[in-house]
Peer 1: 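If you scroll down you'll find the structure; I have some questions about it.
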Amino acid sequence: MSVEDGPGWYLYGVVAAGSAVDDGDVSLVSEGPVAGVASRVPLEEFDPSVLPERLGDAAWLEQKIRAHEQVLEDVLRSASVVPCRFCTVYQTEDELRRFLSERGSDLSAALAHVEGRVELGVKAFVDRERFMTGGAIRNDAIRELSERVAQSEGGRAYLEARRLDQLITDELMQFKDEIAEPLHERLAGASDDAVRLNLQRPEVSGRDDEMLLNGAYLVSDQPRFGTALRELGAEHRDSGVELELTGPWPPYNFVPAVLGAA
Amino acid sequence: MSSRDLQHQVTLLELVDRVLNKGVVLSGDITLSVADVDLVYVGLRVLLSSVATLEEQNAAAIAQGGLR
């Protein structure tokens with residue numbers, strides 16, 4: 001594919017035709033029942049011959065990713081949106097219109113699923129210190145060993161402390177496995193759709209605590225979801241569980257990855 | 001650099017997981033390939049290492065008498 005220099009169209013997402021989108025930086029390109037939220041971009045910036053280099057440029061990447069998200073968040077305030085994946089670019093307005101027109105019914109179906117809804121993220125962590133004093137202490141083996149550790153001295157104390165540490169780690173792992181699904185199910189019960197995402201490493205989550213659940217929820221009734229979240233937080237606080245809410249996000253996790261496949 | 005900047009970077013990574021791996025894939029004239037997404041994560045490692053650097057700088061600043 002050869003891409004000629006000149007203005008192309010970057011497509012951020014798709015809304016229902018006639019949606020009120022108040023953002024001076026983007027245009028609505030309406031085609032039948034749907035409209036693309038798009039802006040003119042210099043094609044040379046996204047040319048496949050230079051794109052790999054750009055993608056390795058952290059500053060460029062950050063600016064573009066934030067711009068992508070910002071446009072969608074602005075749209076989300078006044079309309080439901082099917083978010084596109086980062087860097088979806090058309091060479092001409094005709095190409096963009098042709099796509100919108102060809103996939104109009106699939107896009108309408110995707111829009112119907114997210115209509116009036118936003119994506120909320122919930123991450124659950126467990127604080128090891130608080131788990132030890134609250135949750136794990138119910139385990140007899142751990143309680144007995146921690147009493148012995150307190151009374152031991154020297155090398156023996158060291159070895160027993162090591163063993164205690166391992167026991168707590170095992171207990172914590174089991175606890176995380178057991179509680180993740182019930183937490184997710186409760187939140188899913190207050191949502192219209194729900195999905196469990198991969199757990200994040202500490203450098204991504206920004207927390208030292210162990211992540212036990214990373215969920216995304218498609219929510220129409222935000223107060224109801226908030227109540228469910230607060231209740232869960234109160235129920236599990238003694239075990240060291242902390243719940244972190246993010247969003248509202250454009251519904252990235254609730255649109256088909258490939259149109260027509262869902 | 002403040003902890004707020006650090007949080008800013010972490011949130012970017014959260015964002016990246018969504019905009020790169022989720023959202024509908026359309027038949028654009030230009031779209032990211034799997035190889036491209038890999039490149040993005042290489043670029044992100046630069047960001048990640050700068051986050052780590054920030055943490056070290058913060059720790060050093062605290063050791064030297066606190067952050068301003």
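Hydrogens, waters and symmetry mates are skipped; everything else that's a heavy atom, side chains included, is used. Each chain gets a letter, A, B and so on, in the order its sequence line appears, and its residues count up from 1.
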Peer 1: Rounded to the nearest 0.5 Å, what separation is found between the CZ atom of B:Arg18 and the OG1 atom of A:Thr246?
Peer 2: 5.0 Å
Peer 1: What is the minimum heavy-atom distance between A:Val255 and B:Val24, and which atoms define it?
Peer 2: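 In terms of heavy atoms, the two residues are closest at CG2-N, 3.5 Å.
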Peer 1: Do you know which two heavy atoms are closest between B:Lys22 and A:Arg85, and how far apart they sit?
Peer 2: O-NE, 3.3 Å
Peer 1: Pick one of side chain, backbone, both or neither for A:Trp9, based on which atoms fall under 4.5 Å of a heavy atom in chain B.
Peer 2: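 No part of it gets close to chain B.
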Peer 1: Rounded to the nearest 0.5 Å, what separation is found between the CG atom of B:Leu20 and the CG atom of A:Leu55?
Peer 2: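 It comes to 8.5 Å.
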Peer 1: Test B:Leu15 against every option in A:His68, A:Glu69, A:Glu62 by the side chain to side chain contact (heavy atoms under 4.5 Å, CB included) rule and name the one that passes.
Peer 2: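 Only match with B:Leu15 under side chain to side chain contact (heavy atoms under 4.5 Å, CB included): A:Glu69.
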Peer 1: Among A:Gly121, A:Pro251, A:Pro52, who wins on heavy-atom pairs under 4.5 Å with chain B?
Peer 2: A:Pro52
Peer 1: So what's closer than 4.5 Å to chain B heavy atoms on A:Leu197: side chain, backbone, both or neither?
Peer 2: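 Contact with chain B: side chain only.
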